[in-house]
Novice: 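One structure is given below, represented as structure tokens, and several questions about it will come after.
Bear in mind the structure is a predicted one, so any value in this text is a computation, not a measurement. Hydrogens, waters and symmetry mates are skipped; everything else that's a heavy atom, side chains included, is used.
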Amino acid sequence: MSSSCCSPDGHCSTGTATATAVGVSTTYAVSGMTCGHCRDTLTKAIGGLDGVTGVEVDLEAGRVTVTGAGEPDDALIAEVVDEAGYELTGRV
């Protein structure tokens, strides 16, 4: 028997469980983000929406990726981004 931590289908196990966001991921272009505070603000604001399971903010690229159980409500996400002081300029 092999002592490898990887299964025949290529999945590896390190003995620890990890949570991953499952669902539909949509990336938006957002202007006005410059620092960690911006990232934290948007992560909290968007992450608080119903159905959102993950938010990833890329400051350098000016992009926010939202993962949820289904197709996101673009108008609602744009509204939350606007209320937080940033501008959603469209999907990427």
Side-chain angles (χ1 to χ4, degrees):
M1 176 167 258
S2 173
S3 63
S4 173
C5 65
C6 296
S7 67
D9 66 356
H11 289 91
C12 293
S13 171
T14 59
T16 60
T18 58
T20 57
V22 177
V24 177
S25 292
T26 305
T27 302
Y28 299 94
V30 177
S31 63
M33 303 182 302
T34 58
C35 65
H37 174 71
C38 299
R39 178 180 43 249
D40 295 345
T41 298
L42 286 172
T43 299
K44 183 176 179 180
I46 298 169
L49 295 173
D50 285 340
V52 173
T53 59
V55 178
E56 183 177 326
V57 178
D58 183 341
L59 295 173
E60 288 183 23
R63 295 181 176 171
V64 176
T65 301
V66 179
T67 303
E71 194 65 27
D73 181 342
D74 292 344
L76 180 58
I77 292 174
E79 181 181 327
V80 168
V81 168
D82 184 59
E83 287 175 0
Y86 308 95
E87 182 182 4
L88 188 146
T89 58
R91 284 188 181 209
V92 179

Novice: Tell me whether Val30 is reachable from Leu76 by hopping between hydrophobic residues (I, L, V, M, F, W, Y) whose side-chain heavy atoms are closer than 4.5 Å.
Specialist: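 As far as the 4.5 Å side-chain criterion goes, Val30 and Leu76 are connected within one cluster.
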
Novice: Sequence neighbours left out, what passes side-chain hydrogen bond (donor to acceptor under 3.5 Å, both in side chains) with Thr27? Give chain and number order.
Specialist: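 In terms of side-chain hydrogen bond (donor to acceptor under 3.5 Å, both in side chains), with neighbours along the sequence ignored, Thr27 is linked to Thr65.
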
Novice: Using a distance-only test with no angle check, is there a side-chain donor-acceptor pair under 3.5 angstrom linking Thr67 and Ser25?
Specialist: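 Note: Thr67 and Ser25 side chains meet the donor-acceptor criterion.
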
Novice: Ignoring hydrogens, what is the shortest heavy-atom contact between Gly32 and Cys38? Give both atom names and the distance.
Specialist: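 Nearest pair, atom of Gly32 first, then Cys38: O-SG, 4.1 Å.
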
Novice: Please tabulate, for the side chains in residues 83-92, all donor-acceptor contacts under 3.5 angstrom to protein atoms that are two or more places apart in sequence or on a different chain.
Specialist:
residue, atom, partner, partner atom, Å
Thr89, OG1, Ala29, O, 3.3
Arg91, NE, Asp74, OD1, 3.3
Arg91, NE, Asp74, OD2, 3.0
Arg91, NH1, Glu71, OE2, 3.1
Arg91, NH2, Glu71, OE2, 2.8
Arg91, NH2, Asp74, OD1, 3.1
Arg91, NH2, Asp74, OD2, 3.3

Novice: Test Val64 against Glu56 for side chain to side chain contact (heavy atoms under 4.5 Å, CB included), laying out the working first.
Specialist: CA-CA 6 Å; Val64 176; Glu56 183 177 326; over 6 Å; no

Novice: Extract all donor-acceptor atom pairs below 3.5 Å that involve side chains of residues 40-52 and protein atoms in other chains or at least two apart in sequence.
Specialist:
residue, atom, partner, partner atom, Å
Thr41, OG1, His37, O, 2.8
Thr41, OG1, His37, NE2, 3.4
Thr43, OG1, Arg39, O, 2.7

